[in-house]
Asks: 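I have a structure here, written as structure tokens, and I will follow up with some questions on it.
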Amino acid sequence: MPKVAPIDQRKADHIKINLEKDVRSALTTGLEKILFTHEALPELDLERIDTSLSLFGKPLAAPILISSMTGGTSEAEIINLRLAEAAQEIGIAMGVGSQRAALEHPEQAKTFQVRRVAPDILLFANLGAVQLNYGYGVDECRKAVDMIGANALILHFNPLQEAVQDAGDTNFAGLREKIEEICKRLEVPVIAKEVGWGISERTARIFADCGVSAIDVAGAGGTSWSQVEMHRAPDEFTRQLAATFVGWGIPTAESILNVKKAAPAMTIFASGGLKDGLDIAKCIALGAALGGMAGQFLKAAAASTENVVETMNLTKKQLEVTMFAAGAGDLDSLRNVKLQGRSKLDAEI
Ligand SMILES: Cc1cc2nc3c(=O)[nH]c(=O)nc-3n(C[C@H](O)[C@H](O)[C@H](O)COP(=O)(O)O)c2cc1C
């Protein structure tokens with residue numbers, strides 16, 4: 001038996017654990033600390049609330065992102081296709097999970113390929129940034145993008161997840177120059193993304209200096225990957241190590257403000273523990289361009305495409321009603337509304 005689980009086994013474990021176990025962080029997103037001011041006379045028609053935007057040259061009906069999740073197994077393929085079909089129907093953006101499995105086993109590529117059901121969506125490829133220290137370079141990044149016809153590449157940064165798992169890839173030293181090179185040489189935008197522990201000001205500055213086009217903060221308050229690894233741990237030592245970090249990370253709200261402070265012009269994707277369209281609205285009011293959800297969409301996709309469509313429609317409607325009752329007719333206006341609790345949050349970072 002190999003000591004390290006093969007990638008496809010790991011992917012199957014991730015889906016099963018996320019669906020069946022409590023893997024929530026002990027922290028909250030921080031979004032509960034801010035409130036919109038209710039406007040009894042918004043001077044708006046709900047039917048005309050405009051949630052549309054354009055990003056990386058693609059039109060989106062709403063600033064909603066299906067965060068990167070899966071691929072590599074037949075179950076993952078079904079989930080990706082359901083998510084993509086729904087994203088195409090509604091007009092929102094989607095990321096696939098890490099494509100390393102398919103780069104190493106090309107027969108798995110089809111489990112990530114969703115263009116046949118989603119020809120028009122803004123689609124993000126995904127690789128672990130640490131792989132740049134384990135033999136990957138611009139060629140592998142290009143292959144990941146080409147494999148799925150992606151519009152941009154997400155490089156995810158998961159040092160804590162790698163550190164608390166059995167035989168993870170833990171050499172994160174000297175990555176800065178390699179990311180800079182990928183940003184310079186790749187033909188599509190590069191997005192730097194955490195996986196659920198957020199972004200500090202220092203990290204945001206480094207990413208900005210490297211030339212990334214956007215940062216997905218993936219802050220604390222939702223899925224905790226140390227908890228996922230705790231449930232997969234092969235022995236008590238690894239289990240206890242992973243369990244230590246249930247309360248680790250920078251909450252999502254704070255992470256957004258960190259990026260704004262370090263790199264005011266940076267495009268920000270907000271994710272990590274967002275539960276509905278109201279949370280997405282709060283993130284946009286704090287300065288994000290998109291709000292992403294992973295765990296929520298995974299649960300819907302495990303049921304059916306219709307379930308995903310319903311979840312997306314509800315999320316979009318929650319966003320529209322929030323904008324309506326807060327007096328914001330479009331996303332630019334939403335970015336300018338006054339939030340109660342905002343100055344306290346600013347003072348905390
Ligand atoms: C089943 C599952 C698999 C994931 N796999 C990846 C991945 O391959 N690459 C990545 O960047 N993030 C991955 N993530 C992390 C999510 O994109 C997201 O950053 C994180 O789960 C926090 O969002 P949430 O609180 O809405 O779940 C995964 C999440 C889930 C639930």
Side-chain angles (χ1 to χ4, degrees), residues 1-32 65-80 82-83 95-98 100-101 111 126 128 156-170 193-198 216 218-252 271-276 279 292-304 307-308 311 315:
M1 278 282 284
K3 189 169 177 239
V4 187
I7 304 177
D8 46 0
Q9 179 59 48
R10 208 185 312 159
K11 291 287 146 191
D13 288 350
H14 287 167
I15 294 177
K16 193 169 157 44
I17 292 168
N18 272 284
L19 288 174
E20 293 175 6
K21 307 279 186 195
D22 181 359
V23 291
R24 275 170 305 176
S25 167
L27 300 179
T28 59
T29 60
L31 294 169
E32 71 286 352
L65 166 68
I66 302 169
S67 291
S68 314
M69 274 188 281
T70 201
T73 65
S74 50
E75 185 195 10
E77 178 177 5
I78 293 168
I79 288 176
N80 273 338
R82 286 177 179 166
L83 293 169
V96 298
S98 170
R100 187 174 146 212
T111 67
N126 189 294
H156 71 256
F157 294 76
N158 60 342
L160 185 55
Q161 185 190 4
E162 297 289 348
V164 299
Q165 66 180 267
D166 190 30
D169 294 331
T170 49
K193 170 181 178 298
E194 235 291 341
V195 299
W197 290 293
D216 184 333
T223 306
S224 159
W225 279 88
S226 51
Q227 288 299 97
V228 177
E229 294 302 337
M230 181 192 80
H231 288 292
R232 297 181 56 233
D235 52 54
E236 186 55 23
F237 181 93
T238 314
R239 199 196 69 76
Q240 278 194 37
L241 177 65
T244 312
F245 297 94
V246 64
W248 185 270
I250 306 171
T252 298
S271 69
L274 307 193
K275 57 185 185 317
D276 52 32
D279 277 351
M293 302 197 291
Q296 300 275 26
F297 285 132
L298 177 67
K299 290 187 180 90
S304 65
N307 239 289
V308 186
T311 306
T315 308

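All figures in this text were calculated on a predicted structure; none of them were measured in a lab. Nothing fancy with the numbering, it's 1 onward along the sequence.
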Asks: Of all heavy-atom pairs between Ala76 and Gly71, which one has the smallest distance, and what is that distance?
Replies: CB-N, 3.4 Å
Asks: Please check this pair: side chain of Gln227 against backbone of Val246, looking for a donor-acceptor N/O pair closer than 3.5 Å.
Replies: no
Asks: Would you mind reporting whether Asp216 and Leu65 have side-chain heavy atoms less than 4.5 Å apart?
Replies: yes
Asks: Grab the two heavy atoms, one from Thr238 and one from Asp166, that are nearest each other, plus how far apart they are.
Replies: CG2-N, 4.0 Å
Asks: Quick one: CG on Asn158 to CD on Glu194, what's the gap to the nearest 0.5 Å?
Replies: 7.5 Å
Asks: Once rounded to the nearest 0.5 Å, what's the spacing between atom OG of Ser224 and atom CG of Asp22?
Replies: 9.5 Å
Asks: If only atom types and distance count, is the side chain of Thr252 paired as donor or acceptor with the main-chain N or O of Gly272 below 3.5 Å?
Replies: yes
Asks: Hey, could you give me the CD1/OG1 distance between Ile17 and Thr223, rounded to the nearest 0.5 Å?
Replies: 12.0 Å
Asks: Mind listing the closest non-hydrogen atom pair of Val164 and Leu241 along with its distance?
Replies: CA-CD2, 4.0 Å
Asks: Report the distance from atom NE2 of His14 to atom CD of Gln9, rounding to the nearest 0.5 Å.
Replies: 10.0 Å
Asks: Mind checking whether Ser98 and Lys11 have side chains closer than 4.5 Å, heavy atoms only?
Replies: yes
Asks: Got a donor-acceptor contact below 3.5 angstrom from the Gln165 side chain to the Gln161 backbone?
Replies: yes
Asks: With a 3.5 Å distance limit and no angle check, can you tell me whether Gln296 reaches the backbone of Lys275 through a side-chain donor-acceptor pair?
Replies: yes
Asks: Is Trp197 close to Ser226 at the side-chain level, that is, under 4.5 Å between some pair of heavy atoms?
Replies: yes
Asks: Please round to the nearest 0.5 Å and tell me the distance separating atom OG1 of Thr70 and atom CD1 of Ile15.
Replies: 3.5 Å
Asks: Checking Arg239 side chain against Ala233 main chain: does a donor-acceptor pair fall under 3.5 Å?
Replies: no
Asks: What pair of heavy atoms forms the shortest contact from Thr111 to Gly72, and how long is it?
Replies: OG1-N, 2.6 Å
Asks: What heavy-atom pair brings Lys193 and Ser68 nearest, and what distance separates the two atoms?
Replies: CE-OG, 4.0 Å
Asks: Please round to the nearest 0.5 Å and tell me the distance separating atom OG of Ser67 and atom CG of Leu298.
Replies: 11.5 Å
Asks: What closest approach, in Å, do Val96 and Asn126 show between heavy atoms, and which atom pair accounts for it?
Replies: O-CB, 3.1 Å
Asks: Under a 3.5 Å distance rule, please check whether Asn18 uses its side chain to pair with a backbone N or O of Gly295 as donor and acceptor.
Replies: no
Asks: Is the closest side-chain heavy-atom distance between Trp225 and Glu162 below 4.5 Å?
Replies: no
Asks: With heavy-atom distances below 4.5 Å as the criterion, would you say the side chains of Glu75 and Lys16 are in contact?
Replies: no
Asks: Does a side-chain heavy-atom distance below 4.5 Å link Met69 with Ile79?
Replies: no
